[in-house]
Amino acid sequence: MGRKVLMNLRGLGQAILMLLEAILYIPRALDRRSRHELIYQMYVAGIKSLGVITVVAAFTGMILALQTGLELRRFGLQQNIGTAVTVVMLREMGPFMTALIIAASVGSAIAAQIGTMVVSEEVSALEIMSINPVRFLVMPRLLALAIMMPILTVYTNILGIVGGAIIGATQLQVSIQAYFDNAQLFAQNKDLYVGLLKAVVFGVVIATTACHQGFSTSEGAVGVGQATRRTVIISFLTILVLGYMMTRLFYR
């Protein structure tokens, strides 16, 4: 038990050191080789994730509006669903749902790619050629997720809020105009800023976890699968804990 705790603490320390080293390389992100890799990683994290995010975001807003609206209608307050859906999407569900999708799709793919490179000794070959793996592999992925997560979160928020408006108009007798008027009346800029800050933190967590698990891969193809699985589990748990702590910090 004690040995396992020590190994987990050692892994956490290694991940933090790798993150700090990658941050130090960010000023070189616009070098020719790094720029191409950064743009490709932004494309993978952003454009290739839009399909899943679109479906999840729209239905998240629709479910929020339906569940909240049905309860509010018992008290004749269903016109307030605009505020409820908008505030919840901006503060919590937008960054949270986006992070879960990115962790499951992009994070697992990063861990599998780097893990395969470790197993096939491509990372060792980079080191022999005096190419720093953290600069070449970690920094572009870290920066790409830190940039794309807030953008994707804004996209999720918009679709979720629009989905809630459609449910309000079609099932709860709340007009589109009343829905958005109510949302603008009570939603604050702080809700948006806190949500975007969460998105950046979640992006850094996903990239760091995926890269660290990829570099920790051993035992061939089995190890690659285990690294991918650990990336998703660790990312989900960390996102949940950090999401709660940031909400507690900004809204106590």
Do the side chains of [Y] and [X] get nearer than 4.5 Å, heavy atoms only?
{"X": "Leu137", "Y": "Val123", "value": "yes"}
{"X": "Val194", "Y": "Met246", "value": "no"}
{"X": "Leu64", "Y": "Met89", "value": "yes"}
{"X": "Leu19", "Y": "Leu142", "value": "yes"}
{"X": "Val204", "Y": "Leu145", "value": "no"}
{"X": "Ile161", "Y": "Phe180", "value": "yes"}
{"X": "Thr247", "Y": "Lys198", "value": "yes"}
{"X": "Leu152", "Y": "Ile53", "value": "yes"}

Can [Y] be reached from [X] by stepping across I, L, V, M, F, W or Y side chains whose heavy atoms are under 4.5 Å apart?
{"X": "Val119", "Y": "Leu126", "value": "no"}
{"X": "Ile47", "Y": "Ile101", "value": "yes"}
{"X": "Phe250", "Y": "Phe186", "value": "no"}
{"X": "Tyr179", "Y": "Phe75", "value": "yes"}
{"X": "Ile176", "Y": "Leu172", "value": "yes"}

>> What verdict does the side-chain contact (heavy atoms from CB on, under 4.5 Å) test give for Leu249 and Met245, after you've listed the backbone C-alpha separation in whole Å, the side-chain angles of each residue and the deciding distance to 0.1 Å?
In response: CA-CA 6 Å; Leu249 176 65; Met245 293 174 65; over 6 Å; no
Look up atom [atom1] in [X] and atom [atom2] in [Y], then write down how far apart they are to the nearest 0.5 Å.
{"X": "Met18", "Y": "His212", "atom1": "CE", "atom2": "NE2", "answer": "6.5 Å"}
{"X": "Ile102", "Y": "Met148", "atom1": "CD1", "atom2": "CE", "answer": "8.0 Å"}
{"X": "Thr83", "Y": "Asn182", "atom1": "OG1", "atom2": "CG", "answer": "3.5 Å"}
{"X": "Thr153", "Y": "Leu90", "atom1": "OG1", "atom2": "CG", "answer": "10.5 Å"}
{"X": "Phe215", "Y": "Gln14", "atom1": "CZ", "atom2": "CD", "answer": "12.0 Å"}
{"X": "Glu121", "Y": "Ile128", "atom1": "CD", "atom2": "CD1", "answer": "8.5 Å"}

Quick one: do the [X] and [Y] side chains pair a donor with an acceptor below 3.5 Å?
{"X": "Ser120", "Y": "Glu122", "answer": "yes"}
{"X": "Lys48", "Y": "Ser105", "answer": "no"}
{"X": "Arg141", "Y": "Gln113", "answer": "yes"}
{"X": "Tyr251", "Y": "Asp191", "answer": "yes"}

> Applying side-chain hydrogen bond (donor to acceptor under 3.5 Å, both in side chains), which residue pairs with at least one partner in residues 51-69 are found, sequence neighbours left out?
Replying inline: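 Matches after skipping sequence neighbours: Thr54-Tyr155.
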> Got a sec, which hydrophobics cluster with Val87, joining ILVMFWY side chains under 4.5 Å apart, including via others?
Replying inline: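 Val87 clusters with nothing; isolated.
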> Between Leu66 and Gln171, does a side-chain contact (heavy atoms from CB on, under 4.5 Å) hold up when you go through it step by step?
Replying inline: CA-CA 8 Å; Leu66 186 59; Gln171 301 191 35; 3.6 Å; yes
>> Test side-chain contact (heavy atoms from CB on, under 4.5 Å) on Val154 and Leu196; report intermediate values, then the result.
In response: CA-CA 8 Å; Val154 170; Leu196 295 180; 3.7 Å; yes
> Is the shortest side-chain N to carboxylate O distance from Glu21 to Arg135 below 4.0 Å?
Replying inline: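 No salt bridge links Glu21 with Arg135.
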>> Quick check on Arg35: does its CZ atom have over 12 non-hydrogen neighbours (other residues, nucleotides or ligands) under 6.0 Å away?
In response: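 Yes, because the 6.0 Å sphere around CZ of Arg35 holds more than 12 heavy atoms from other groups.
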Got a donor-acceptor contact below 3.5 angstrom from the [X] side chain to the [Y] backbone?
{"X": "Thr217", "Y": "Gly214", "answer": "yes"}
{"X": "Ser34", "Y": "Leu30", "answer": "no"}
{"X": "Arg74", "Y": "Leu70", "answer": "no"}

Smallest separation among heavy atoms of [X] and [Y], with atom names:
{"X": "Ala103", "Y": "Phe236", "value": "CB-CE1, 3.8 Å"}
{"X": "Cys211", "Y": "Ile110", "value": "SG-CG2, 4.0 Å"}
{"X": "Ala210", "Y": "Gly107", "value": "CB-O, 3.2 Å"}
{"X": "Ser235", "Y": "Thr231", "value": "OG-O, 2.7 Å"}
{"X": "Leu159", "Y": "Ala57", "value": "CB-CB, 3.8 Å"}
{"X": "Thr228", "Y": "Ser108", "value": "CG2-CB, 3.4 Å"}

> Checking side-chain contact (heavy atoms from CB on, under 4.5 Å) for the pair Ile166/Val162: CA distance, chi angles, key distance, verdict?
Replying inline: CA-CA 6 Å; Ile166 293 172; Val162 171; 4.2 Å; yes
